[in-house]
Undergrad: 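I have a structure I would like to understand better, so I am pasting it below and will then ask my questions one at a time.
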Amino acid sequence: MNINICGINIPEKKAILFSLTKIYGIGINLSKKICKKININYQKKSYNLKKNEIEHLNNFIKTLIIENDLRILIKENLKRVVNLNSFKSFKHKKKLPCRGQRTKTNAKTRKKMNHEKI
């Protein structure tokens, strides 16, 4: 049985530090900060959490931008950059690296990746 936090199933057997990282938008550092803020030992296993601790986690995580909302925000930011018609936006449109990396011999991964139509 998995624990459900904000509509996402969290693995039971892992420590709460690592099981919170299953939520899109929460990494290890943010997971540590959440555990410190709620006063939960982050080495504690998920199945050892009490109901009130799970409720505190739910309430705190609901205040963050995670999962689908975060994905939508990232797409909107990318569309805004592309509409600027700057050097960076042309690189995005051509599906090349846009942060100054070399493109003559490298950047094969960026060229091959599946991109969404902008």
Side-chain angles (χ1 to χ4, degrees):
M1 183 182 135
N2 289 340
I3 297 170
N4 195 341
I5 296 178
C6 292
I8 298 117
N9 289 330
I10 301 293
E12 271 192 345
K13 295 182 180 179
K14 289 188 176 183
I16 193 69
L17 175 71
F18 298 110
S19 59
L20 282 178
T21 60
K22 295 295 178 188
I23 300 172
Y24 182 81
I26 297 180
I28 291 180
N29 287 334
L30 185 56
S31 179
K32 277 184 185 177
K33 289 177 185 176
I34 291 170
C35 290
K36 283 182 183 179
K37 195 126 189 172
I38 302 173
N39 294 327
I40 297 174
N41 182 8
Y42 55 81
Q43 295 175 344
K44 193 176 195 179
K45 302 286 183 186
S46 298
Y47 61 85
N48 287 335
L49 289 176
K50 297 174 185 165
K51 295 219 177 204
N52 63 347
E53 291 174 335
I54 294 172
E55 288 176 17
H56 287 300
L57 271 174
N58 266 328
N59 294 335
F60 188 80
I61 291 175
K62 282 180 184 174
T63 62
L64 301 174
I65 300 173
I66 55 166
E67 285 296 319
N68 200 30
D69 296 333
L70 183 60
R71 288 186 177 105
I72 290 169
L73 183 69
I74 291 170
K75 284 182 186 178
E76 288 175 357
N77 288 341
L78 186 60
K79 284 181 184 177
R80 183 183 47 79
V81 167
V82 168
N83 290 333
L84 290 175
N85 286 332
S86 62
F87 181 76
K88 190 173 183 178
S89 68
F90 289 126
K91 290 288 193 171
H92 274 295
K93 287 176 189 174
K94 292 179 183 179
K95 299 173 185 170
L96 292 170
C98 58
R99 294 187 178 181
Q101 295 95 331
R102 181 186 171 115
T103 57
K104 184 176 180 182
T105 56
N106 296 337
K108 291 176 185 172
T109 306
R110 174 80 165 117
K111 291 175 187 176
K112 284 185 207 174
M113 286 176 63
N114 295 330
H115 298 283
E116 293 182 14
K117 293 183 180 177
I118 301 170

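Bear in mind the structure is a predicted one, so any value in this text is a computation, not a measurement. Throughout, numbering of the chain's residues begins at 1 and tracks the sequence.
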Undergrad: Between CD of E12 and CD1 of I3, what distance do you get to the nearest 0.5 Å?
TA: 5.5 Å
Undergrad: Go through the side-chain N and O atoms of K36 and N41 and say whether any donor and acceptor fall under 3.5 Å apart.
TA: no
Undergrad: Same cluster for I38 and I66 if Ile/Leu/Val/Met/Phe/Trp/Tyr side chains link at under 4.5 Å?
TA: yes
Undergrad: Membership question, hydrophobic clusters at under 4.5 Å side-chain separation (ILVMFWY): are L49 and F60 in the same one?
TA: yes
Undergrad: Do you reckon V81 sits in the same ILVMFWY cluster as L70, going by side-chain contacts under 4.5 Å, direct or chained?
TA: no
Undergrad: Looking at A15 and Y42, what are the two nearest heavy atoms and their distance?
TA: CB-O, 3.7 Å
Undergrad: Could you check if a side-chain atom of I74 sits within less than 4.5 angstrom of a side-chain atom of K79, using non-hydrogen atoms only?
TA: no
Undergrad: Could you grab the distance from atom CD of E55 to atom CG of L57, nearest 0.5 Å is fine?
TA: 10.5 Å
Undergrad: Drop me the distance from K37's NZ to H56's NE2, to the nearest 0.5 angstrom.
TA: 14.0 Å
Undergrad: When rounded to the nearest 0.5 angstrom, what distance separates CG in N83 from NE2 in H92?
TA: 11.5 Å
Undergrad: Which side-chain N or O atoms in residues 25-34 pair as donor and acceptor under 3.5 Å with protein atoms at least two apart or in another chain?
TA:
residue	atom	partner	partner atom	Å
S31	OG	L17	O	2.9

Undergrad: Give the table of side-chain donor-acceptor pairs shorter than 3.5 Å for residues 98-108, with sequence neighbours excluded, one pair per line with atom names and distance.
TA:
residue	atom	partner	partner atom	Å
Q101	OE1	R99	N	3.2
R102	NE	T105	OG1	3.0

Undergrad: Kindly write out the residues that satisfy side-chain contact (heavy atoms from CB on, under 4.5 Å) with N58, not counting sequence neighbours, or none if the list is empty.
TA: I5, C6, I54
Undergrad: How close do K91 and P97 get, counting heavy atoms only, and between which atoms?
TA: CD-O, 3.7 Å
Undergrad: Could you pull out all residues at least two apart from N4 that satisfy side-chain contact (heavy atoms from CB on, under 4.5 Å)?
TA: N9
Undergrad: Indicate the atoms forming the closest heavy-atom contact of T63 with N59, along with that distance.
TA: CG2-O, 3.5 Å
Undergrad: Of all residues at least two apart in sequence or in a different chain, which pass the side-chain contact (heavy atoms from CB on, under 4.5 Å) check with E67?
TA: I8, I23, Y24, R71
Undergrad: Tell me, please, which residues at least two apart from E53 pass salt bridge (charged side-chain N to carboxylate O under 4.0 Å, His left out).
TA: K44
Undergrad: Got K13 and S46 here, is their nearest side-chain heavy-atom distance under 4.5 Å?
TA: no
Undergrad: Could you give the distance from CG (L84) to CZ (F90), rounded to the nearest 0.5 Å?
TA: 10.5 Å
